> 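Sharing a structure here in structure tokens format.
Everything quoted here is computed from the prediction, not taken from an experiment. A note on names: the letters A, B, ... follow the listed sequences, proteins ahead of strands, and every chain is numbered from 1.
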Number of protein chains: 2
Amino acid sequence: MLEGFDSPCATTDPVFTAPSDIFSKFSPNEFSDLLAIGTVRNYEKGEFIYHAGDPGMNVHFLRSGRVKIYQNSTLGREVILWFCFPGEIFGLTEVVHSAGRAVNAQTCERAEVLCIARSQFKDYLATHSGASFVIMQALACRMRVLGDMLVNLIDDDVNSRIVKLMLRLSACHGTRVGNEVHLNIRMTHQEIADMVGTARQTVTKVLSELKLRGLLSIENHRIRIRSQELLNEHSRSS
Amino acid sequence: MLEGFDSPCATTDPVFTAPSDIFSKFSPNEFSDLLAIGTVRNYEKGEFIYHAGDPGMNVHFLRSGRVKIYQNSTLGREVILWFCFPGEIFGLTEVVHSAGRAVNAQTCERAEVLCIARSQFKDYLATHSGASFVIMQALACRMRVLGDMLVNLIDDDVNSRIVKLMLRLSACHGTRVGNEVHLNIRMTHQEIADMVGTARQTVTKVLSELKLRGLLSIENHRIRIRSQELLNEHSRSS
DNA sequence: TGCCGAATGTCACGCAGGCGACATTTTTTG
DNA sequence: CAAAAAATGTCGCCTGCGTGACATTCGGCA
């Protein structure tokens with residue numbers, strides 16, 4: 001169920017939340033009916049699928065590639081809310097709720113997206129109640145993560161914010177390899193800084209400290225975590 | 001549509017998000033069918049409807065009163081994610097998604113709650129697609145607010161975090177009286193501090209400053225805002 | 001293969017705001 | 001209606017981390 005990553009304590013630790021591969025939870029005809037009403041679009045690396053402020057009349061499903069959902073803040077910061085992986089839905093929030101896009105959706109790499117018009121999607125939901133429920137699950141899952149991020153921002157210091165970010169990402173998007181967890185999300189220090197609300201330099205410092213202590217390593221922008229040790233680390237307050 | 005509060009620029013300013021009174025958007029028989037499968041429960045002020053960690057097999061609709069949804073953090077902080085007002089749904093996230101409750105739900109005052117079992121609710125959704133959609137809207141709305149809070153935490157200083165909190169609360173739960181907006185949520189400085197991630201003393205200081213400048217006043221723990229001025233205030237970065 | 005821009009490291013300085021320690025006021029409760 | 005508890009004000013010290021200013025390394029493209 002959780003692709004390659006067995007979350008150690010999903011019930012007690014809200015950090016570990018299942019990924020939201022929706023397709024895999026659809027029944028075959030829920031899936032094919034969805035395909036039937038959608039248009040497939042291809043995007044190059046770095047292209048925008050939509051911008052904040054756009055009207056937002058479509059829902060999207062990611063078929064391949066990776067998409068970054070973020071807001072940009074009053075000065076220059078890209079606050080990344082989450083990454084989308086294949087099988088995930090995005091852009092639903094603003095379609096269902098009226099007012100325009102609140103966030104930007106930009107590809108991290110070449111991507112293939114299934115794009116569905118608001119009205120058609122609404123009809124689809126009305127006639128596929130199972131699918132509705134699955135999608136609610138995905139929303140719920142995301143809410144949970146957002147709540148977590150919030151708590152994290154509110155009462156942890158920079159060090160622990162970074163550690164928990166790593167754990168959160170591992171839980172959603174990591175693959176276990178031996179006793180390591182590999183994240184295949186390419187992230188710059190700047191992006192990490194933007195996610196946890198700190199300065200780029202601080203990220204550099206904290207990360208190299210963690211590397212030094214052998215808690216994680218970085219292989220061309222891809223992070224590898226000795227999950228267990230890092231977990232212990234994060235439960236300490238300091 | 002928005003009870004008594006005309007949001008000035010809902011499209012561009014994500015701060016202004018409609019409240020989520022679900023009942024008012026239901027059709028009469030969507031409503032009565034819902035009542036039919038639920039049990040009404042009464043709670044005294046300060047009672048818990050559920051705790052973080054509970055299994056979470058019920059969805060709740062608030063009929064009257066006020067409920068505080070929060071997580072408590074590694075040391076003592078109550079991080080309030082949102083308040084629920086009559087007509088709002090809560091506890092959905094954890095029912096739809098498996099693992100237990102991620103948050104606490106505690107009444108702020110005597111409250112009347114419609115409580116619905118997971119399985120019954122699922123059936124209800126399956127047979128009432130209109131209702132499903134309305135509920136998705138509510139979730140979407142909440143996601144948006146959470147996203148906003150996040151950005152806010154990540155790149156604003158304490159002063160502006162507090163100001164924006166006020167604006168956010170006004171937008172969702174304020175009632176316009178003349179050119180003021182009244183919030184009828186009783187909040188202590190400590191609670192405010194917990195919401196924006198700062199120290200109680202800092203809240204005291206910032207708030208008295210705002211009072212001094214005539215941007216807001218406090219009438220027995222209820223906050224009144226000169227909305228327009230405060231809005232201007234918040235667009236400044238300092 | 002070599003160039004150039006982007007990403008990473010490292011350092012010292014300064015200050016926003018956390019924290020403790022109070023006095024004072026308001027609210028609750030017996 | 002008094003006593004206890006909770007909430008609000010006010011202050012000063014001290015530290016976590018933001019900021020600017022670099023040097024260094026990486027990696028994509030001509």
Side-chain angles (χ1 to χ4, degrees), chain A residues 44-46 68 73-80 108-110 152-165 185-213 216-223 236-238, chain B residues 44-47 68 73-80 106 108-110 152-165 185-213 216-223 236-238:
Chain A
E44 290 306 309
K45 170 176 176 171
K68 178 168 78 172
S73 67
T74 16
L75 243 278
R77 265 188 142 130
E78 281 185 6
V79 182
I80 301 176
C108 303
E109 53 188 57
R110 179 187 292 266
N152 196 194
L153 280 172
I154 283 184
D155 74 28
D156 293 323
D157 66 358
V158 171
N159 189 74
S160 128
R161 291 213 294 278
I162 294 179
V163 170
K164 287 187 185 171
L165 172 68
I185 311 178
R186 236 176 167 285
M187 286 184 300
T188 68
H189 290 185
Q190 185 61 61
E191 286 179 311
I192 296 176
D194 289 346
M195 278 190 272
V196 298
T198 185
R200 196 224 86 225
Q201 294 92 319
T202 311
V203 174
T204 303
K205 200 182 61 181
V206 171
L207 243 38
S208 28
E209 214 168 89
L210 290 173
K211 274 190 275 186
L212 223 71
R213 295 174 49 202
L216 102 205
S217 61
I218 297 184
E219 198 84 20
N220 90 314
H221 292 251
R222 260 91 175 184
I223 295 171
R236 303 184 322 144
S237 47
S238 116
Chain B
E44 291 306 309
K45 171 177 175 170
E47 261 193 279
K68 178 167 78 172
S73 67
T74 15
L75 242 275
R77 268 189 138 127
E78 283 185 3
V79 181
I80 301 177
Q106 185 183 17
C108 303
E109 53 188 58
R110 178 188 292 267
N152 196 194
L153 279 171
I154 282 184
D155 73 26
D156 294 323
D157 65 359
V158 170
N159 188 73
S160 129
R161 291 213 294 278
I162 294 179
V163 169
K164 287 187 185 171
L165 172 68
I185 311 178
R186 235 175 168 285
M187 287 184 299
T188 70
H189 290 184
Q190 185 60 60
E191 286 179 311
I192 296 176
D194 288 347
M195 279 190 271
V196 298
T198 185
R200 197 224 84 225
Q201 295 93 317
T202 310
V203 173
T204 303
K205 199 182 60 181
V206 170
L207 244 37
S208 28
E209 215 168 89
L210 290 173
K211 273 190 274 187
L212 223 71
R213 296 173 47 203
L216 101 207
S217 61
I218 297 183
E219 198 85 18
N220 90 315
H221 292 251
R222 260 91 175 184
I223 294 171
R236 303 183 325 145
S237 46
S238 117

> If an axis is fit to five pairs at each end of the helix from dT1(C)-dA30(D) to dG30(C)-dC1(D), what is the angle between the two, to the nearest 10°?
60°
> Determine, step by step, whether V163(A) and L210(A) satisfy the side-chain contact (heavy atoms from CB on, under 4.5 Å) criterion, reporting the C-alpha distance in whole Å, the side-chain angles of both residues, the deciding distance to 0.1 Å, and the verdict.
CA-CA 9 Å; V163(A) 170; L210(A) 290 173; 4.2 Å; yes
> Please identify each residue that fulfils side-chain contact (heavy atoms from CB on, under 4.5 Å) with K68(A), with sequence neighbours left out.
Y70(A), E78(A), I80(A), F83(A), Q106(A), C108(A), E191(A)
> Any side-chain heavy atom of I185(B) sitting closer than 4.5 Å to one from R222(B)?
no
> Any non-hydrogen side-chain atom of K211(A) less than 4.5 Å from a side-chain atom of L216(A)?
yes
> Go through the structure and list residues passing side-chain contact (heavy atoms from CB on, under 4.5 Å) with T202(B), not counting sequence neighbours.
V158(B), T198(B), A199(B), V206(B)
> Separation of K45(B) atom NZ from dT27(C) atom P, in whole Å?
11 Å
> Heavy atoms under 4.0 Å is the rule here; annotate nucleotides 17-26 of chain C 5' to 3' with B where the base is hit, S where only the sugar-phosphate is, and - elsewhere.
SSBBB-----
> Side chain of D156(B), backbone of N159(B): donor and acceptor closer than 3.5 Å?
no
> Could you check whether D194(A) pairs with R77(A) (Lys NZ or Arg NE/NH1/NH2 to Asp/Glu carboxylate O, under 4.0 Å)?
yes
> For E109(B), which residues count as a side-chain contact (heavy atoms from CB on, under 4.5 Å) partner, sequence neighbours excluded?
R66(B)
> So, for V79(A) and S73(A), which heavy atoms are closest and what is the spacing to 0.1 Å?
CG2-CB, 4.4 Å
> Side chains of I223(A) and M187(A): closer than 4.5 Å at any heavy-atom pair?
yes
> Answer yes or no: does a side-chain N or O of H189(A) lie under 4.0 Å from OP1 or OP2 of dA6(C)?
no
> Shoot me the first and last contacting nucleotide of DNA chain D against chain A, ordered 5' to 3', at under 4.0 angstrom to non-hydrogen atoms.
dC17(D) to dG28(D)
